[in-house]
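Since the structure comes first, as structure tokens, the remarks are kept for the end.
Note that these values count all heavy atoms, side chains included, but never hydrogens, waters or copies made by symmetry. All residue numbers in this chain count up from 1 along the given sequence. Remember, predicted model here, so these are calculated numbers, not experimental data.
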Amino acid sequence: MQAWQVHENGEPREVMRLARVETLTPGEGQVLLRVRAANVNFPDALLCRGQYQIRPPLPFTPGVEICGETEDGRRVIANPVLPYGGFAEYVLADARALLPAPEALDDAEAAALHIGYQTGWFGLHRRAHLEAGETLLVHAAAGGVGSAAVQLGKAAGARVIGVVGGADKAAVARELGCDVVVDRRSEDVVAAVKEATGGKGADVIYDPVGGDAYAQSAKLVAFEGRIVVVGFASGSIPSPALNHALVKNYAILGLHWGLYNTKNPELVLRCHEELTELAARGAIKPLVSERVSLAGAADAVQRVADGVTTGRIAVLPENGATA
């Protein structure tokens, strides 16, 4: 079978190599899945660079979420078992962790429903307890993680402010349903959000960026507000001033979605059921901006790493179903 492999750490476009490898054999509790679509995530770039919290042995195949097909023809969503990631024709997955792919979504959309939307659901509902009528601010609102949070915020009845970088991404954020869009490249984010909220700030701030975005969040969080720390796509990990959190009376909430798979897997299933229902009634629909062949995976991962994409890019292996 064909699979992308990383033999040394570095930039995705430089270290990912498409190769023919041995067909995988499932171990105990595992299943072999044919990959119908693999979604590109920022962690795939971190895996290539050797900067992710999980460091699989070299060589490995990146690709942390897929829509696949079981031997009996069922369409499922899964996280491949590393080091055999999703940018391949076949993967191995934990048989107990398979989730049914929603009928309302095609293969590429189903592959994109998992990590980003689960992270958004847990961040907004389990950690921040977002309520209808509250104001939600989403950094990187046109990206894969941000676009999911925007849709979930709107579905929950929140007023959503999206912060983006560039006019093209601003247009995407508006199409996603943001009530207010702020272009950080041409606007003062703090001034624009304060104006949009009458000086109050945002009740919930969803931050997958870190760095300057977190510094802005601390200035913009409302009384009894909640900042949800999801990741550090900027490459800069902030050091929060806890005295500031005390004086302004706000909460800083960390979110590591992957822990729920071992600490509370039943909640992951419940989340998927709710996401499936939201997709069925059209309240959410993953933004898949591109669909590329397996041969285009390395370039796609690099572009996600460089922050020049919107929504999600899906990799469709040649032997997979066309989405």
Side-chain angles (χ1 to χ4, degrees), residues 39-46 51-52 64-65 112 115-124 127-128 130 135-154 158-190 192-193 196 202 204-221 226-238 252-257 284 286-290 300-313:
N39 181 33
V40 180
N41 285 265
F42 189 70
D44 294 317
L46 296 179
Q51 297 174 348
Y52 197 50
V64 295
E65 65 178 347
I115 296 176
Y117 281 84
Q118 286 259 348
T119 299
W121 187 90
F122 276 90
L124 298 181
R127 303 293 283 137
L130 178 69
T135 296
L136 166 67
L137 187 152
V138 179
H139 289 287
V145 173
S147 62
V150 168
Q151 292 185 357
L152 288 168
K154 291 299 295 181
R159 181 185 186 224
V160 180
I161 300 174
V163 178
V164 299
D168 291 345
K169 292 186 178 182
V172 171
R174 292 188 186 95
E175 291 175 4
L176 286 166
C178 286
D179 299 282
V180 177
V181 177
V182 180
D183 184 350
R184 59 179 173 80
R185 293 184 180 175
S186 60
E187 300 177 77
D188 181 320
V189 173
V190 174
V193 174
V204 175
I205 300 179
Y206 192 80
D207 182 12
V209 179
D212 291 341
Y214 181 84
Q216 294 163 354
S217 299
K219 295 177 181 179
L220 292 170
V221 62
R226 293 84 79 197
I227 300 175
V228 185
V229 179
V230 181
F232 313 104
S234 67
S236 175
I237 300 176
I252 304 167
L253 304 170
L255 173 63
H256 181 182
W257 169 75
I284 61 172
L287 172 61
V288 179
S289 57
E290 296 180 61
V301 176
Q302 186 65 58
R303 286 186 288 126
V304 169
D306 294 341
V308 297
T309 61
T310 57
R312 293 295 193 190
I313 301 178

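Applying the side-chain contact (heavy atoms from CB on, under 4.5 Å) test to Arg174 and every residue at least two apart in sequence or in another chain returns Ala170, Val181. Residues meeting the salt bridge (charged side-chain N to carboxylate O under 4.0 Å, His left out) test with Arg303, sequence neighbours left out: Glu290, Asp299. The side-chain contact (heavy atoms from CB on, under 4.5 Å) check on Arg159 picks up Thr135, Asp179, Val180, Ala196, Thr197, with sequence neighbours excluded. In this view, Gln118 and Trp257 satisfy the side-chain hydrogen bond (donor to acceptor under 3.5 Å, both in side chains) rule, not counting sequence neighbours. Legend: residues meeting side-chain contact (heavy atoms from CB on, under 4.5 Å) with Asp168, ordered by chain and number and at least two apart, are absent. Considering only residues two or more places apart in sequence or on other chains, Ser289 meets the side-chain contact (heavy atoms from CB on, under 4.5 Å) condition with Thr310, Ile313. Under the rule for a side-chain hydrogen bond (donor to acceptor under 3.5 Å, both in side chains), the partners of Asp306 that lie at least two apart in sequence or sit in another chain are Gln302. The side-chain hydrogen bond (donor to acceptor under 3.5 Å, both in side chains) test applied to Asp44 returns no partner, not counting sequence neighbours. Take Glu187 and apply the salt bridge (charged side-chain N to carboxylate O under 4.0 Å, His left out) test, not counting sequence neighbours, and it matches no residue.
Closest approach of Ala112 and Arg312 over heavy atoms only: CB-CG, 3.8 Å. Here the closest heavy-atom approach between residue Gly144 and residue Ser147 is recorded as O-OG, 3.2 Å. Val64 and Ile115 make their closest contact through CG2-CD1, 3.6 Å (heavy atoms, listed as atom of the first residue, atom of the second, distance). Shortest non-hydrogen contact noted between Ala202 and Leu137 is CB-CB, 3.8 Å. A pairwise comparison of heavy atoms in Ala141 and Leu176 identifies O-CD1, 3.5 Å as the closest pair. Nearest heavy-atom pair across Gly116 and Tyr206 is O-OH, 4.5 Å.
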Using atom types as modelled, flag every donor-acceptor pair under 3.5 Å from a side chain in residues 230-237 to any protein atom, sequence neighbours excluded.
{"unit_1": "Ser234", "atom_1": "OG", "unit_2": "Val209", "atom_2": "O", "d": "2.8"}
{"unit_1": "Ser234", "atom_1": "OG", "unit_2": "Ser236", "atom_2": "N", "d": "3.2"}

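Under the 3.5 Å distance criterion, the side-chain polar atoms of Asn41 are left unmatched by any main-chain donor or acceptor of Pro43.
Here the CZ-CG distance, from Phe122 to Leu255, works out to 8.5 Å after rounding to the nearest 0.5 Å. Interatomic distance, CH2 of Trp121 versus CG of Leu152, reported as 10.0 Å (0.5 Å rounding). Atoms CZ and OG1, on Arg127 and Thr119 in that order, are 12.5 Å from each other to the nearest 0.5 Å. A distance of 10.0 Å separates CG in Asp183 from NZ in Lys169, rounded to the nearest 0.5 Å. Note: Ile227 CD1 to Leu253 CG = 9.0 Å, rounded to the nearest 0.5 Å.
Pairs passing the side chain to side chain donor-acceptor pair (under 3.5 Å) check and including a residue from residues 208-220, sequence neighbours excluded, read His139-Ser217.
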Step by step, work out the side-chain contact (heavy atoms from CB on, under 4.5 Å) result for Val189 and Leu220. CA-CA 9 Å; Val189 173; Leu220 292 170; 4.2 Å; yes
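The shortest side-chain heavy-atom distance between Val193 and Val182 falls under the 4.5 Å cut-off. Looking at Val228 and Ile205, their side chains never come closer than 4.5 Å, going by heavy atoms from C-beta outward. Asp207 places none of its side-chain heavy atoms less than 4.5 Å from the side chain of Val229.
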